[in-house]
Amino acid sequence: MQFRFPTFLLGLGAAGVVSAQVQELYQEGPFALRVKGQASNSSIDGYLSWYNLQGLPAPTFISYEPLSNPVVGNSSFEWYFNYTGLVQYKGHEVGFLLVNPTANTTTPSPYHGQPLDISYMSNSNVGIALLGIGGAFDAGFDADDKTFSTSEFDDSTYVPGVPPEYSQDLGYYNWAVCWQLSGTYRQTLSWITFGKPHNPTCELVNLLRVGL
Ligand SMILES: *[C@@H]1O[C@H](CO)[C@@H](O)[C@H](O)[C@H]1NC(C)=O
Ligand SMILES: *[C@@H]1O[C@H](CO)[C@@H](O)[C@H](O)[C@H]1NC(C)=O
Ligand SMILES: *[C@@H]1O[C@H](CO)[C@@H](O)[C@H](O)[C@H]1NC(C)=O
Ligand SMILES: *[C@@H]1O[C@H](CO)[C@@H](O)[C@H](O)[C@H]1NC(C)=O
């Protein structure tokens with residue numbers, strides 16, 4: 001099995017081990033992230049901003065703002081993309097999203113910024129997107145600037161006793177905006193692991209990179 005590169009590169013994979021070699025990462029940004037409901041009757045159309053609860057630098061939470069334009073010059077609307085250049089999906093770089101690019105990622109760590117990761121609940125297929133929680137969720141942008149995620153394995157294909165093969169061809173667009181307890185109870189970016197969202201407030205969205 002190959003290393004899932006973000007956790008490996010962040011030195012967060014093995015307990016207490018910070019990788020000795022600092023991997024050079026490419027960075028793009030800042031850009032804005034637009035969320036647009038997929039259903040024709042969806043009310044979701046706006047941008048994502050990030051915020052902290054007073055006195056708490058992490059986790060950093062994500063807010064859906066029903067705006068027709070991102071607020072230019074407000075860093076809460078500024079997003080970045082880090083990638084190694086070593087992993088692609090259909091020719092598009094795979095890396096991760098982050099905000100706050102000068103903040104310490106963890107201490108000690110040679111990396112800066114707060115990567116986006118998904119936090120899962122034990123009783124739902126709807127995960128909450130959070131920033132700066134220690135991991136990073138694989139992501140990239142296709143030719144239409146739509147954000148995808150990837151996975152190396154698909155457990156629906158598993159056969160007893162036969163180890164599955166690593167794949168670079170598994171891409172997903174399972175973003176949603178849902179009412180969630182995330183800092184406060186509000187509409188936030190979410191990820192549906194599989195099937196119909198367990199949370200009835202979820203609306204499936206396209207997550208789009210938009211220039212600032
Ligand atoms: C959109 O229409 C579908 C099908 O009629 C319905 O199930 C859904 O609740 C509607 N969504 C919204 C956000 O109104
Ligand atoms: C930036 O945008 C956020 C989210 O809308 C808002 O809470 C904050 O007050 C804005 N900051 C400035 C300096 O305007
Ligand atoms: C980042 O971490 C370094 C090393 O631990 C520390 O010296 C520095 O004060 C930290 N910076 C911030 C902004 O927290
Ligand atoms: C993202 O990439 C930039 C540019 O290489 C780097 O300075 C930063 O530490 C990286 N952050 C993370 C979390 O990998």
Side-chain angles (χ1 to χ4, degrees), residues 3-13 18-19 21-54 56-87 93-117 130-140 176-179 182-184 186-190 192 196-206 212:
F3 289 109
R4 288 176 57 80
F5 73 89
T7 37
F8 171 61
L9 293 176
L10 290 166
L12 303 166
V18 174
S19 69
Q21 212 181 347
V22 176
Q23 167 76 45
E24 283 301 317
L25 291 145
Y26 299 99
Q27 186 170 81
E28 292 175 4
F31 49 83
L33 283 179
R34 181 179 180 207
V35 278
K36 175 84 175 72
Q38 288 177 0
S40 56
N41 61 351
S42 172
S43 61
I44 304 290
D45 191 359
Y47 287 85
L48 298 179
S49 69
W50 53 270
Y51 68 100
N52 291 110
L53 294 181
Q54 208 173 357
L56 264 187
T60 293
F61 301 101
I62 299 170
S63 174
Y64 159 68
E65 314 265 356
L67 301 171
S68 52
N69 291 292
V71 182
V72 176
N74 180 330
S75 63
S76 291
F77 288 86
E78 294 178 352
W79 295 79
Y80 296 80
F81 175 57
N82 270 24
Y83 61 97
T84 60
L86 302 173
V87 185
E93 299 295 343
V94 177
F96 54 89
L97 297 165
L98 71 152
V99 300
N100 212 359
T102 56
N104 280 340
T105 295
T106 55
T107 304
S109 164
Y111 297 106
H112 291 93
Q114 296 186 300
L116 183 148
D117 200 6
L130 293 170
L131 300 154
I133 58 171
F137 187 63
D138 290 356
V177 166
C178 316
W179 284 88
S182 172
T184 57
R186 65 162 73 204
Q187 283 176 299
T188 192
L189 182 67
S190 307
I192 315 302
K196 183 177 182 283
H198 191 247
N199 173 339
T201 71
C202 290
E203 295 189 43
L204 298 179
V205 298
N206 289 327
L212 273 171

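In each ligand, atom 1 is the first atom listed, and ligand 1 is the first ligand listed. Computed from a prediction, not measured in an experiment: that's the story for all the values here.
- Neither the backbone nor the side chain of Y83 comes within contact range of ligand 4; no heavy atom lies under 4.0 Å.
- Any N or O atom pair closer than 3.5 Å counts here, and E24 shares no such pair with ligand 4.
- Contact annotation for Y51 and ligand 2: no heavy atom of the residue comes within less than 4.0 Å of the ligand.
- Residue-ligand proximity: Y80 is placed with every non-hydrogen atom at 4.0 Å or more from ligand 4.
- When non-hydrogen atoms are compared, ligand 4 lies under 4.0 Å from the backbone of L25 as well as from its side chain.
- The salt bridge (Lys or Arg N to Asp or Glu O under 4.0 Å) analysis of residues 40-52, with sequence neighbours excluded, yields the pairs R34-D45.
- In terms of polar-atom proximity, defined here as any N/O pair under 3.5 Å, Y26 makes no such contact with ligand 4.
- Looking at ligand 2, you won't find any N or O of S49 less than 3.5 Å from one of its N or O atoms.
- Between the W79 side chain and the L48 main chain, a donor and an acceptor come within less than 3.5 Å of each other.
- For the pair R186 and Y51, the cation-pi criterion (under 6.0 Å, within 45° of the ring axis) is fulfilled.
- Note that CD of E93 is 8.0 Å distant from OH of Y26, once rounded to the nearest 0.5 Å.
- A distance-only check finds a donor-acceptor pair linking the side chain of T105 to the backbone of G113 [under 3.5 Å].
- Residue-level contacts of ligand 1 at the 4.0 Å heavy-atom threshold are N41, E203.
- For D117, there are no side chain to side chain donor-acceptor pair (under 3.5 Å) partners, not counting sequence neighbours.
- Of all the atoms in ligand 4, the ones that sit under 4.0 Å from a non-hydrogen atom of N82 are 1 (C), 2 (O), 3 (C), 8 (C), 10 (C), 11 (N), 12 (C), 14 (O).
- With sequence neighbours excluded, the residues forming a side chain to side chain contact (heavy atoms under 4.5 Å, CB included) with Q187 are I44, Y64, V177, W179, listed by chain and number.
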